[in-house]
Amino acid sequence: ELTVDSLKKENTGLKKIQKHLNEEFFDIWDRLYKNEVDLYDLNQYNRRENIVVSGIPADVPDNDVEKYTVEMLRHFGVHGLSSYEIAACHRLNSPRNNLYPKNVIIRFINRKRAYEALDKFFIYKKNNPRCRINIFENLCPQYAKIFNQCRKLKVEKNRLNYFNSLRNFK
């Protein structure tokens with residue numbers, strides 16, 4: 001027979017079970033999140049030998065892309081680079097429209113050469129801001145999303161600083 005006391009006891013028991021299930025859910029959720037972060041880190045670690053180049057003209061034939069990029073990197077200051085130090089070099093499929101040439105990914109045998117290529121390019125680009133080539137790290141999709149959000153925030157901050165300087169100028 002159902003009484004108020006029996007319903008209170010049952011309700012109290014259900015609340016204890018619910019509390020336990022909530023704790024277990026959040027524990028599993030926390031472990032899942034940590035595993036996901038570890039997976040992102042591992043994915044990014046596997047990409048550390050890669051760089052992505054944008055701006056290589058579309059008229060460079062696919063079978064000449066590696067030779068073109070080696071010469072380009074030498075021009076930027078990566079001296080002594082040979083095609084033997086490159087494990088793979090090819091154009092990427094482009095999710096963008098066909099207005100721009102496809103990006104090129106270069107996978108070096110040694111990650112130090114990838115870092116050197118990035119460093120030399122940034123020095124070159126600083127001295128030659130009109131250069132149409134861009135080189136950047138091959139970020140995994142999750143980190144690329146974070147990077148793009150940070151870049152947007154930086155642009156917004158620069159705009160805000162610019163407009164604040166105009167306001168203060170008057």
Could you check whether any side-chain N or O of [X] sits under 3.5 Å from a backbone N or O of [Y], counting only pairs where one atom can act as donor and the other as acceptor?
X	Y	answer
T69	V65	yes
E85	S82	yes
N11	L7	no

Under 30°, 30 to 60°, or over 60°: which ring-plane class applies to F76 and Y124, parallel, tilted or perpendicular?
-> tilted
Electrostatic pair K34:D30 at N-O distance under 4.0 angstrom = yes
May I ask you to say whether D5 pairs ionically with K9, meaning some side-chain N is under 4.0 Å from a carboxylate O?
->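 Answer for the salt bridge query: no.
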Please determine whether residues [X] and [Y] belong to a single hydrophobic cluster, defined as Ile, Leu, Val, Met, Phe, Trp and Tyr linked transitively by side-chain heavy-atom distances below 4.5 Å.
X	Y	result
I109	V52	no
V60	I86	yes
Y68	V78	yes

Would you compute the distance between atom [atom1] of [X] and atom [atom2] of [Y] and round it to the nearest 0.5 angstrom?
X	Y	atom1	atom2	answer
N50	R111	CG	CZ	13.0 Å
F121	H75	CZ	NE2	11.0 Å
K8	T12	NZ	OG1	9.0 Å
H90	R107	NE2	CZ	10.0 Å
E137	Q44	CD	CD	6.5 Å
N148	K145	CG	NZ	10.0 Å

How close do [X] and [Y] get, counting heavy atoms only, and between which atoms?
X	Y	answer
L92	K102	O-CD, 3.2 Å
I106	C89	CG1-SG, 3.9 Å
P101	R91	CB-NH1, 4.4 Å

With side chains defined as the heavy atoms from C-beta onward, is the minimum distance between [X] and [Y] less than 4.5 Å?
X	Y	answer
F136	I51	no
K125	I135	no
E10	L14	yes
Q149	K152	no
R74	V70	yes

Would you sort out whether Y40 and E36 count as a side chain to side chain donor-acceptor pair (under 3.5 Å), showing the intermediate values?
-> CA-CA 6 Å; Y40 294 162; E36 193 173 32; 3.0 Å; yes
For a side-chain contact (heavy atoms from CB on, under 4.5 Å) with L73, tell me which candidate from L81, I133, V53 qualifies.
->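 Option passing the side-chain contact (heavy atoms from CB on, under 4.5 Å) with L73: L81.
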Flag for R47-N43: side-chain donor and acceptor within less than 3.5 Å | yes
